[in-house]
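What you see below is based on every heavy atom in this structure, not just the backbone, and it leaves out hydrogens, waters and symmetry mates. Treat the numbers as computed from the prediction; the structure is a model and nothing was measured. Proteins get letters first, then strands, A, B, ... in listed order; numbering begins at 1 in each.
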There are 2 protein chains.
Amino acid sequence: MTELSTMKDGVANQAEASDRVLQILAEAGRLFASKGFEGTSMRDIALACGISKSLLYHHFSNKDEIYARVAVGSTLELYLFVRDRIPDGPPSQKIRAFMVATAEYFRRYRWAWIASTTAFWNDPDRSRHKERLTRRDRFENFLRGLIQEAIDAGEIRKVDVPMTGRLILSSLNWMHRWYNPNKSATPEQIAEVFFDMIFNGLRSGELVALPSPEPPKSGRRKSR
Amino acid sequence: MTELSTMKDGVANQAEASDRVLQILAEAGRLFASKGFEGTSMRDIALACGISKSLLYHHFSNKDEIYARVAVGSTLELYLFVRDRIPDGPPSQKIRAFMVATAEYFRRYRWAWIASTTAFWNDPDRSRHKERLTRRDRFENFLRGLIQEAIDAGEIRKVDVPMTGRLILSSLNWMHRWYNPNKSATPEQIAEVFFDMIFNGLRSGELVALPSPEPPKSGRRKSR
DNA sequence: GTTTTCACCGACCGATCGGTCAAGCCCGGC
DNA sequence: GCCGGGCTTGACCGATCGGTCGGTGAAAAC
């Protein structure tokens, strides 16, 4: 099993890569993340690395390959990374561990993560990302499995499983838009807070047993 | 007060604009949303509109202005749009209305919304978006005010207000990444579901504290 | 009837894009 | 000595970028 062996400078899973290649991947990831795929030129990457543009083509066949290495490196092992951090125990705690582990992955490979998640959606040629999509589905299905498990165990109420998964992933995936590594808490701590809010709810303690998924008063709707 | 008067083809707040300008804004918004700002050329926009590239420069001074009109149109009135849909009543219901109204705005101006939220983050020159940032802050502060109100009213527990706001906005802002207008429920319905999950929590209903006459269900009891 | 205005277009500009190529540079093995 | 091969380079390519220009034709204004 792949052991997530070589992780350096935030570039994951680039086992047999030379230092120069790792440098290129790190700089390219940072640039893709901040300026987007189309907004980043090969000259930008070369300049950031302090090398000539030609050298990029010595190590990579084209721009797409650089992006692919960056993106694949960031999502390749996310599923394995998270799965290996799910402890035995109550399903709700597995969900909590899922969120914390995902946040940890985000913290470690932040630039590559952002690059792959942002560039992907602006790319009209989605077929290029098929492998990435497959992994993403596996990751999301894994979470849905945990949620179903928690429902079956009676730990959480009978909510819509895909929607619950989307809510949880939203809280994690949107982090890169506001997370400031200098100011905020760690991503892991943030994930803990979000888990608490989603699992226990915001409502103050007096809760009655309420199996109905509907909000209390559906009335009042100001039309204008 | 601005009345959100002219909204056509999903292009908001373009009052005195001609049909052609509205067409350009609509097509540009759609293209920016799907291919990003850098990935969309002026030729692309002209082709999508069935006009010459020169005509774009007759109606707009440059590419940035087209983007600005698209982005400003989508966020200009978000705050007012949502504020006007907050009913009187319990603060928790105000938060619910906030989420539903934001979702409605997303549904109406989907392309412009996506274009402005995605292109913005890939733009190294953030100063261009200062006005947009100001509005975004006002919008977020408005939500935080509602949350604080709900805490003061005892409706929700003493959570971290900024973090709670981020969780709520995450659930709404991430929607454009997975929402499929042909398959899923309406954004408003999704917002209702998310509100229910966040407000009531996922945990199956057990009494916590409070002098409730009901006998606690035997068995499983989780602290926290 | 003439002039002004305005939506609109094709041709074109310099700059930059992704990508190529032939030729060094450097260094260990002979 | 000098020879090969991996790392590195600058000059260069065709295509496309955002943007400009002079002009056209028809309606509005005079």
Exercise for the section: Please work out which of the three classes, parallel, tilted or perpendicular, describes the rings of B:Phe98 and B:Phe142, given edges at 30° and 60°. Expected result: tilted

Exercise for the section: Measure the distance from CG on A:Leu55 to C1' on D:dC7 and round it to the nearest whole Å. Expected result: 7 Å

Practice task
To the nearest Å, give me how far apart CZ (B:Phe60) and P (C:dC6) are.
Solution key: 17 Å

Problem - Value in whole Å for how far the P atom of D:dG18 lies from CG of B:Leu56 - result: 10 Å

Handout entry: Short side-chain N/O contact to C:dT16 OP1/OP2 from A:Ser41, under 4.0 Å
Key = no

Handout entry: Aromatic contact, A:Phe139 with A:Tyr79 (centres under 6.0 Å)
Key = no

Handout entry: Nearest-nucleotide pick for B:Tyr57, side chain only, options being C:dG19, D:dG19, C:dA7
Key = D:dG19

Problem - B:Met42 side-chain proximity, nearest of C:dA7, D:dT9, D:dG18 - result: D:dG18

Handout entry: A:Ser52 side-chain proximity, nearest of D:dT9, C:dG18, D:dG18
Key = D:dT9

Completion exercise
Atom CG of A:Asp44 and atom P of C:dG18 are separated, to the nearest Å, by 8 Å

Exercise for the section: Give the rounded distance in Å between these two atoms: NZ of A:Lys63 and P of C:dC17. Expected result: 9 Å

Handout entry: First of B:Gly50 and B:Lys53 reached from the 5' end of DNA chain C, by closest nucleotide
Key = B:Gly50

Practice task
Look at A:Arg20 and D:dG6 and indicate whether a side-chain polar atom (N or O) is within less than 4.0 Å of OP1 or OP2.
Solution key: no

Practice task
Look at all strands and tell whether A:Arg43 reaches a base, only sugar-phosphate, or nothing, counting heavy atoms closer than 4.0 Å.
Solution key: base

Completion exercise
Looking only at D:dG18, C:dG18, C:dC8, the nucleotide nearest the B:His58 side chain is C:dC8

Completion exercise
A:Leu22 atom CG is separated from D:dC7 atom P, nearest whole Å, by 13 Å

